[in-house]
Amino acid sequence: MSSDISSVSSPAQAASTHADTQLVHAGREPSRFSGMVNTPVFRGSTIIADNLEDWEASRQVDNPMANYGRFGTPTTRSFEQAITTLEGGHNALVFPSGLSACTHSLMAFVKSGDHVLMTDSVYGPTRTFADHVLRRMGIEVEFFDPLIGGEIRTLMRPNTRVVFVESPGSWTFEVQDIPAIAEEAHKAGAFVLLDNTWATPLYFKPFEHGVDVSIHAATKYIVGHSDALLGVASANERSWPILKQGAHDFGQTAGPDDIYLALRGMRSMAVRLRQHWESGIQLAEYLRTQPLVESVLHPALPSDPGYRLWSRDFLGASGLFTIELKPVGRAALCKFFDSLQLFGIGLSWGGFESLALPLDKPPTRVASATTYQNPLIRVHVGLENIDDLISDMGQAFEKMGQAL
Ligand SMILES: *Cc1c(COP(=O)(O)O)cnc(C)c1O
């Protein structure tokens, strides 16, 4: 095995441009691991050198390989390289969860006195982090309407350091005009950080749309099997040193078994996502016809307000969307959830199994034109047969109707 693992990548990767092919080959180099198809799970803290010269060489800042387990192992680099290839960034870093990828990416860029603009439809715990931790550290946080587009120019200040976007938004699925926002952010000297979890590295190419750092809860579709927590952030060239330094300063790392599961999950992500996408559209269209459904928030439906931007900027849709019910009472809601057979009630999403999650109170919004007062249910469409999923939802709605 070569001691330089900087470029764990397959020759096939260079020859291919299709994402499906990249998914299969990126980050793999069997010849370096006794021919093993998969990069093995490397466990380790200490990495010993043969002689003083090698040791000193390993400590050079431009050494792409670590000289200590916290900075990465061949397993780590394999995953980071694969994500870099898929997203088209400069380099990537793993984090122990999606949330830690969001919070530490933010922390890498900001200092006391800075101003951060954050989408009002951001993932709840990222919002909480901004409200609690960033504010406590003397950073001004301002939420903006996810539909603001180029008008974000009016919010930019000399000390605006980061514009944090997420598209489509958590729970409410507004699609943001990322290129327009990025253009204004860059004019003002700010960095654009994107939570790209919904679209995955397959369906939104962040760096083609002006994003500086793209963040994923790999926990979701990348792992894909609800059996690990992991985050990853990839950066363009100018942001990479800042992201990397920040993560290293905080001692960020992730366990090799979870990274291995992410690599394994990723290999089949293209076929899984096509099914999540197709079944998601079918179920969403079906739910639109339900009398107790007020609206379906799914940007890949032609009737959705986000459809125009989604079809302009995205290459596909995943299986997560929200339904807004008519104002039904709690008894009817209980009946609905208790009647579901195939949909689990649970947090997270992106696994092979279907989920339905009630939102217990209206999502926190301080800057959005649209707010929701009716019950919201977030649906993750899994890989079950779509006819079974539709009939399960159908019978649950029927029971809910009887309980009104
Ligand atoms: C789940 C999620 C996260 C956090 O991921 P964890 O791995 O659960 O920490 C971040 N952003 C979005 C959009 C998510 O859905």
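Remember, it's 1-based here, ligands and their atoms both numbered in the order they're listed. Each residue takes its place number in the sequence, starting with 1.
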Handout entry: Six-ring centre of Phe42, Arg77 cation under 6.0 angstrom, axis tolerance 45°
Key =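 Not flagged: Arg77 not positioned over aromatic ring of Phe42.
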
Practice task
Assess Arg272 against Tyr221: is NZ or CZ under 6.0 Å from the centre of the six-membered ring, and within 45 degrees of the ring's axis?
Solution key: no

Practice task
For residues Asn159 and Glu140, determine if any side-chain heavy atom of one lies less than 4.5 Å from a side-chain heavy atom of the other.
Solution key: yes

Could you tell me whether the side chains of [X] and [Y] share a donor-acceptor contact shorter than 3.5 Å?
X      : Y      : value
Arg127 : Ser170 : no
Thr73  : Thr76  : yes
Tyr286 : Gln290 : yes

Handout entry: For ligand 1, the residues whose heavy atoms come within less than 4.0 Å (ordered by chain, then number)
Key =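 Around ligand 1, where the cutoff is 4.0 Å for heavy atoms, the contacting residues are Ser97, Gly98, Leu99, Tyr123, Glu166, Ser170, Asp195, Thr197, Ala217, Thr219, Lys220, Leu229, Trp349.
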
